[in-house]
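Encoded as structure tokens, the structure appears first; notes follow it.
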Amino acid sequence: MSDFYTVIDIISPYQIVLNCGAENGIKSDSEFFVYGVGDLLKDPETKEDLEVLEIPRGTGRVSHLQKKICTIKSQNYRILSHSSFFQLNLDRKTESLPFDSPQIGDRAKLLK
């Protein structure tokens, strides 16, 4: 299994296509962290190369699985309201949010 996969198409702000599928061990309930690739950051004092900045685009779950590709749907939500603190999980209303400016070539890490 690869450390990351690549965004190969953007269907909508809520759905993107990755270059992995059932042949890569992806399952119908797989979840991904999608991110853009930023600059290589250096420590200003030691000048040591640290890491490439990951620019979060959001998380998604497989909505359609094929042999070599899969479509994932945004799993980003904002809580709009809830009746009380103790009933948060029972009576909350949420709004689905799109991926944050996804681009072809962005990367995706398998979460589960």
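Computation of the quantities below employed the complete heavy-atom set of this structure, encompassing side-chain atoms and omitting hydrogens, waters and symmetry-equivalent molecules.
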Joint cluster assignment, [X] & [Y], ILVMFWY side-chain distance < 4.5 Å:
X	Y	value
L40	I55	no
L111	F4	yes
I11	L65	no
F32	I104	yes
V7	V37	no

R57 with D100: basic N within carboxylate O range, under 4.0 Å =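 Here R57 does not pair with D100 in a salt bridge, since their nearest N and O are not under 4.0 Å apart.
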
Shortest non-hydrogen contact from [X] to [Y]?
X	Y	value
D106	S101	OD2-O, 4.3 Å
P98	S74	C-OG, 3.9 Å
I10	P102	CD1-O, 3.2 Å

I need the single residue from D9, V17, N24 that forms a side-chain contact (heavy atoms from CB on, under 4.5 Å) with I69. Which is it?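 Testing I69 for a side-chain contact (heavy atoms from CB on, under 4.5 Å) against D9, V17, N24 leaves exactly one candidate, V17.
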
Quick check for you: to the nearest 0.5 Å, what is the distance between [X] atom [atom1] and [Y] atom [atom2]?
X	Y	atom1	atom2	result
Y5	S30	OH	OG	8.5 Å
T6	N19	OG1	CG	4.5 Å
L18	L110	CG	CG	10.0 Å

Neighbour count above 12 (heavy atom, 6.0 Å) for D49 CG =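 Result for CG/D49: enclosed.
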
Just checking E23: does its CD atom have more than 12 heavy atoms from other residues, nucleotides or ligands closer to it than 6.0 angstrom?
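Yes, because the 6.0 Å sphere around CD of E23 holds more than 12 heavy atoms from other groups.
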
*asked:* Using the rule side chain to side chain donor-acceptor pair (under 3.5 Å), only one of Q75, K109, R61 pairs with E31; which is it?
replied: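 Among Q75, K109, R61, the one meeting side chain to side chain donor-acceptor pair (under 3.5 Å) with E31 is R61.
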
- I72 vs F99, side chain to side chain contact (heavy atoms under 4.5 Å, CB included): CA-CA, chis, key distance, verdict: CA-CA 10 Å; I72 64 172; F99 288 102; 4.0 Å; yes

Are D39 and L53 side-chain neighbours, meaning at least one heavy-atom pair lies under 4.5 Å?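 Sidechains of L53 and D39: no contact.
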
